Enquirer: 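This structure is in structure tokens; I'll ask about it shortly.
Heads up: numbering here begins at 1 and tracks the sequence. All figures in this text were calculated on a predicted structure; none of them were measured in a lab.
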Amino acid sequence: MGTRDDAVILRAIAVLLCSAWILAAGPPTAAALWLSLPPSATKCVSEEIHAGVVALADYAVVHDDDPRSMPTISAKVTAPNGDTLHHKENVTMGEFAFTTNEPGTYLACFWLDGANKGIGASVSINWKIGIAAKDWESVAKKEKIEGLELELRKLEEAVEVIHENLLYLRSREAGMRDVSERTNGRVALFSVMSLALCIVASVLQLRHLKGYFHKKKLI
């Protein structure tokens with residue numbers, strides 16, 4: 001029993017040393033948002049998510065006036081490639097869940113239905129991503145852990161998320177650097193070609209002027 005406790009303590013020390021950095025880095029966890037929908041416009045929220053991440057969200061219309069006249073909305077969630085992941089119409093609440101297949105910006109848009117165009121409303125959105133979307137109660141029951149061990153498991157998951165985010169950012173940085181280098185190369189080539197064209201045009205112009213002056217016997 002003492003060996004297990006020592007292992008837990010060692011894991012606690014190792015993981016907790018990273019916790020301050022994890023909190024400072026701010027891995028994607030959960031976001032509670034409040035959108036005010038104008039009578040005739042669409043409002044969207046977006047999340048930059050890499051591949052293989054679970055996302056859960058629920059939304060509900062908040063109306064301060066008569067609850068019996070609660071306006072209805074439409075909601076649509078799209079992936080970076082334009083695929084529709086969730087689409088509902090004439091609802092006052094809903095939820096969606098998906099696992100990302102590709103990295104990029106995932107967009108959730110909300111607008112008032114046609115019958116409610118003359119009034120405004122607000123939408124409350126609770127969007128959970130990554131470790132925040134994980135069912136930790138099921139994990140605790142399945143692995144028979146609780147208390148400090150469960151918190152350590154959460155911190156370990158957070159460390160993995162930070163590491164994956166850093167790898168994702170590094171790959172994006174490498175891609176952007178390649179694009180920048182290709183663009184610089186093309187700009188340099190265009191500059192050389194422009195200079196060469198100017199030189200050729202100048203030479204041809206001088207030859208034309210020289211021939212013109214000889215023809216007119218000016219020189």
Side-chain angles (χ1 to χ4, degrees), residues 19-20 22-141 146 150-151 153-162 164-165 168-169 172:
S19 61
I22 294 172
L23 293 175
T29 52
L33 305 174
W34 188 284
L35 288 181
S36 295
L37 299 182
S40 58
T42 300
K43 280 202 172 182
C44 301
V45 293
S46 62
E47 284 287 348
E48 185 79 16
I49 316 175
H50 56 79
V53 176
V54 176
L56 303 173
D58 58 77
Y59 55 90
V61 176
V62 180
H63 192 51
D64 294 333
D65 297 334
D66 188 357
R68 293 172 295 180
S69 61
M70 181 77 71
T72 59
I73 63 170
S74 294
K76 186 177 182 180
V77 181
T78 54
N81 61 4
D83 290 345
T84 300
L85 304 176
H86 173 79
H87 188 200
K88 292 291 184 180
E89 297 180 349
N90 298 316
V91 296
T92 58
M93 63 180 61
E95 59 183 15
F96 57 85
F98 58 87
T99 300
T100 57
N101 294 322
E102 60 177 335
T105 301
Y106 288 78
L107 199 64
C109 296
F110 303 88
W111 64 92
L112 287 166
D113 289 321
N116 306 292
K117 290 296 185 181
I119 59 175
S122 298
V123 179
S124 174
I125 311 166
N126 185 23
W127 198 332
K128 298 179 181 180
I129 301 171
I131 58 175
K134 196 166 186 176
D135 188 356
W136 289 105
E137 292 185 4
S138 298
V139 172
K141 291 179 181 179
E146 60 181 8
L150 181 59
E151 294 302 320
R153 180 64 183 276
K154 292 180 181 180
L155 287 175
E156 287 176 343
E157 291 275 351
V159 171
E160 292 179 4
V161 170
I162 290 290
E164 292 174 359
N165 287 341
Y168 172 62
L169 291 175
R172 287 194 61 186

Enquirer: Kindly write out the residues that satisfy side chain to side chain contact (heavy atoms under 4.5 Å, CB included) with Glu95, not counting sequence neighbours, or none if the list is empty.
Expert: Asp58
Enquirer: Which distance, rounded to the nearest 0.5 Å, do you find between the OG1 of Thr78 and the CG of Leu85?
Expert: 7.0 Å
Enquirer: Nearest 0.5 Å please: distance from the OG atom of Ser46 over to the CG atom of Leu107.
Expert: 6.0 Å
Enquirer: Please round to the nearest 0.5 Å and tell me the distance separating atom CG of Leu112 and atom CG of Leu37.
Expert: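 Here the rounded value is 5.0 Å.
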Enquirer: Anything under 30° is parallel, anything over 60° is perpendicular, the rest tilted; go ahead and classify Trp111 against His87.
Expert: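 Geometry flag for His87 against Trp111: tilted rings.
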Enquirer: Could you tell me which residues satisfy side-chain hydrogen bond (donor to acceptor under 3.5 Å, both in side chains) with Thr100, sequence neighbours excluded, listed by chain and number?
Expert: none
Enquirer: How are the rings of Tyr59 and Phe96 set relative to one another: parallel (under 30°), tilted (30 to 60°) or perpendicular (over 60°)?
Expert: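 Plane angle between 30° and 60°, so tilted.
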Enquirer: Rounded to the nearest 0.5 Å, what separation is found between the CZ atom of Phe110 and the NZ atom of Lys76?
Expert: 13.0 Å
Enquirer: Nearest heavy-atom pair of Pro103 and Pro80: which atoms, and what distance?
Expert: O-CG, 4.0 Å
Enquirer: Got a second to check how far Leu35's CG is from Ser122's OG, nearest 0.5 Å?
Expert: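 Rounded to the nearest 0.5 Å, the CG-OG separation comes to 8.5 Å.
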Enquirer: Identify the heavy atoms of Val61 and Pro71 that sit nearest to each other, and give their distance.
Expert: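 Of all heavy-atom pairs spanning Val61 and Pro71, the closest is CG1-O, 3.8 Å.
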Enquirer: Restricting to side chain to side chain contact (heavy atoms under 4.5 Å, CB included), what partner residues turn up for Thr99, sequence neighbours left out?
Expert: Val54
Enquirer: When rounded to the nearest 0.5 angstrom, what distance separates CD in Glu47 from CG in Leu33?
Expert: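 One gets 7.5 Å once the value is rounded to the nearest 0.5 Å.
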Enquirer: Take Ile73 and Val91, measure what side-chain contact (heavy atoms from CB on, under 4.5 Å) needs, and give me the verdict at the end.
Expert: CA-CA 5 Å; Ile73 63 170; Val91 296; 4.3 Å; yes
